[in-house]
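Computation of the quantities below employed the complete heavy-atom set of this structure, encompassing side-chain atoms and omitting hydrogens, waters and symmetry-equivalent molecules. It should be emphasised that the depicted structure is a prediction, and the values quoted were computed from it without experimental measurement.
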Amino acid sequence: DKSGYKHFMAKEIAEQPTVLQGALAHYINADATAVTLPEPGLDFTQIERMTMVACGTAFYACLVAKYWFEQIAGIPVEVDVASEFRYREPPVTPGTVALFVSQSGETADTLAALRYMDGKAAKIVSVVNVPESSIARESNLSLPILAGTEIGVASTKAFTCQLTTLAILALNAAHARGRMTDAELSEKLGNLRGMPGILNLALGVEDKIKSVASELSEARDILFLGRGAMYPLAHEGALKLKEISYIHAEAYASGELKHGPIALVDQHVPVIVMAPRDALFDKTISNMQEVMARGGKVLLITDQKGAAEAGQGVWDTIVMPEIDPFLAPILYAVPAQLLAYHTAIAKGTDVDQPRNLAKSVTVE
Ligand code: M6R
């Protein structure tokens, strides 16, 4: 049931504030002072490193989580796509926690990677949407993301719920490892609690996105740029766009541009820059200006401050609400999803059933 929406994808994008609220209430106590994990929990003081493995959008959620766990919890994190990880047969050091992220919990490569780690890693943790799935059942600890059934092939609400669950886990780890005080934990949990409201505001940019999407739909290639935790978001934006609009899109870390991809830039290649006004903003903006100097057509996704500082001369700007930089990846998923959706609509493709794709990839 699409509840009045034209597509499941549109419904699932719009549902995000509501499902996120449920996930937050599940893991965070009423006064936002503590996190509750399902049994048997996880002792983060004993963890030496984490290996995160997934496919597609779930892989990009892991890449964001790497920034979080390394920066706030001080845990080294390695991230890999399941299809590479499983055949590389990587050595596993003691004290490694293996974490698998999967919406369906049935992705063949992710499940095979989990089975490879079974008996080698200290703990197997999964972050899944389907609690009775194989990946959930074969883990020592399984964290539900509580996104509700996701029908659109392009994953949307599962991604923001995966990120939210991983953010909660990273905060829990940072606190347990003494890198975050009670007060700091509570502040961050409080900020997380505010996410549904902020996502609602972000959904308000839809009309603006429609207007740029009709022009994007004419492009043959589109580049996405981001730095820090916005780099995986750039990947997610590019994946979503490829998947449903069939426009070739690539993501690069902003700083990598001058190592090759800037050669692609001319007035026919829109460049989408995801840059909240955070500590890395100036660096990203200087890369953006290099693009503009070569005639590139820039769409800047930023906040009010970022737009005021760097919006001059860009093709167009999409303004997101201000947010705690730690939580920006969750917020910036929304414009990435809406851009893909409306570009696909402008092209007239089948948004919910893109060609050649299945919702759940249970064969390798
Ligand atoms: O069910 P999973 O999360 O394991 O699926 C992983 C990927 O197949 C999935 O995220 C895919 O990339 C989506 N169609 C992206 O929108």
Rounded at 0.5 Å granularity, tell me how far [atom1] in [X] sits from [atom2] in [Y].
| X | Y | atom1 | atom2 | result |
| --- | --- | --- | --- | --- |
| Glu15 | Glu150 | CD | CD | 9.5 Å |
| Ile151 | Met9 | CD1 | CE | 14.0 Å |
| Gln337 | Leu203 | CD | CG | 8.5 Å |
| Ser3 | Phe8 | OG | CZ | 8.0 Å |
| His342 | Lys208 | NE2 | NZ | 13.5 Å |
| Leu24 | Leu192 | CG | CG | 5.5 Å |

Residues [X] and [Y] bridged, charged N to O under 4.0 Å:
| X | Y | value |
| --- | --- | --- |
| Asp207 | Lys210 | yes |
| Arg115 | Glu138 | yes |
| Lys305 | Glu309 | no |
| Arg277 | Asp303 | no |
| Lys188 | Asp324 | yes |

Name the atoms and distances for all side-chain donor-acceptor pairs under 3.5 Å in residues 44-55, with sequence neighbours left out.
unit_1, atom_1, unit_2, atom_2, d
Thr45, OG1, Asp43, OD1, 2.6
Thr45, OG1, Asp43, OD2, 3.3
Thr51, OG1, Glu78, OE1, 3.0

When you compare the side chain of [Y] with that of [X], does any pair of heavy atoms fall below 4.5 Å?
| X | Y | answer |
| --- | --- | --- |
| Leu141 | Lys123 | no |
| Ile323 | Pro276 | no |
| Glu206 | Ile209 | no |
| Phe100 | Cys62 | no |
| Thr164 | Met195 | no |
| Leu171 | Ile72 | yes |
| Tyr27 | Leu169 | no |
| Pro90 | Tyr116 | yes |

Shortest non-hydrogen separation from [X] to [Y] and the atoms involved:
| X | Y | result |
| --- | --- | --- |
| Pro325 | Asp278 | CB-CB, 4.2 Å |
| Thr349 | Ile244 | OG1-O, 2.6 Å |
| Gly237 | Ala336 | CA-CB, 3.9 Å |
| Val19 | Cys161 | CG2-SG, 3.8 Å |
| Leu331 | Pro321 | CD2-O, 3.6 Å |
| Val77 | Lys66 | O-NZ, 2.6 Å |

Report the C-alpha separation of Val35 and Leu189 in whole Å, then their side-chain angles, then the decisive distance to 0.1 Å, and conclude whether the side-chain contact (heavy atoms from CB on, under 4.5 Å) test is met.
-> CA-CA 8 Å; Val35 169; Leu189 293 177; 3.8 Å; yes
Judged by atom type as modelled, is there a donor-acceptor pair below 3.5 Å linking the side chain of [X] to the main-chain atoms of [Y]?
| X | Y | answer |
| --- | --- | --- |
| Thr302 | Ala275 | yes |
| Ser186 | Ala32 | yes |
| Glu106 | Val361 | no |
| Lys297 | Trp315 | no |
| Asp350 | Pro354 | no |
| Arg137 | Glu132 | yes |
| Thr284 | Leu280 | yes |
| Lys240 | Ser155 | yes |
| Tyr332 | Leu233 | no |
| Ser245 | Lys242 | no |

Go through the structure and list residues passing ring-ring contact (aromatic ring centres under 6.0 Å, His included) with His7, not counting sequence neighbours.
->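 ring-ring contact (aromatic ring centres under 6.0 Å, His included) list for His7, sorted by chain: Tyr341.
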Going through the distances and angles, do Gln16 and Thr160 end up as a side chain to side chain donor-acceptor pair (under 3.5 Å)?
-> CA-CA 7 Å; Gln16 291 178 107; Thr160 41; 2.6 Å; yes
Scan for side-chain hydrogen bond (donor to acceptor under 3.5 Å, both in side chains) pairs involving residues 256-273, sequence neighbours excluded, and state none if there are none.
->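 Sorted pair list comes back empty.
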So which pairs with a foot in residues 92-101 pass side-chain hydrogen bond (donor to acceptor under 3.5 Å, both in side chains), sequence neighbours left out?
->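 Sorted pair list: Thr93-Thr96.
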Give the cluster check for [X] versus [Y]: same hydrophobic cluster or not, with ILVMFWY residues linked at side-chain heavy-atom distances below 4.5 Å.
| X | Y | value |
| --- | --- | --- |
| Ile272 | Val64 | yes |
| Val101 | Leu111 | no |
| Phe85 | Phe69 | no |
| Leu37 | Ile28 | yes |
| Tyr231 | Ile301 | no |

Thr33 and Asn29: side chain donor to acceptor below 3.5 Å |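 A pair is found: one side chain offers a donor N or O, the other an acceptor, under 3.5 Å apart.
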Determine whether the side chains of Ser126 and Ser139 contain a donor N or O and an acceptor N or O closer than 3.5 Å.
->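 Short answer, yes.
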More than 12 foreign heavy atoms under 6.0 Å from CD of Gln304: is that the case here?
->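 Result for CD/Gln304: open.
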Quick one: sort the Phe326 and Trp68 rings into parallel, tilted or perpendicular, breaks at 30° and 60°.
->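 Phe326 vs Trp68 ring planes: tilted.
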Passes side-chain contact (heavy atoms from CB on, under 4.5 Å), Ile247 versus Leu216? Steps please.
-> CA-CA 9 Å; Ile247 294 173; Leu216 286 179; 5.6 Å; no
Could you walk me through whether Glu364 and Ser83 pass side chain to side chain donor-acceptor pair (under 3.5 Å), step by step?
-> CA-CA 8 Å; Glu364 24 170 340; Ser83 56; over 6 Å; no
Show which residues join Leu257 in its hydrophobic cluster (side-chain heavy-atom contacts under 4.5 Å, direct or indirect), or state none.
->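 In the cluster with Leu257 are Leu223, Leu225, Tyr252, Ile262, Leu264, Val265, Val269, Val271, Val273, Phe281, Ile285, Met288, Val291, Met292, Val298, Leu300, Val314.
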Qualifying salt bridge (charged side-chain N to carboxylate O under 4.0 Å, His left out) pairs with a residue from residues 162-184, counting only residues at least two apart or across chains =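 Listed by first then second residue: nothing to list.
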Could you walk me through whether Leu143 and Val128 pass side-chain contact (heavy atoms from CB on, under 4.5 Å), step by step?
-> CA-CA 6 Å; Leu143 306 174; Val128 294; over 6 Å; no
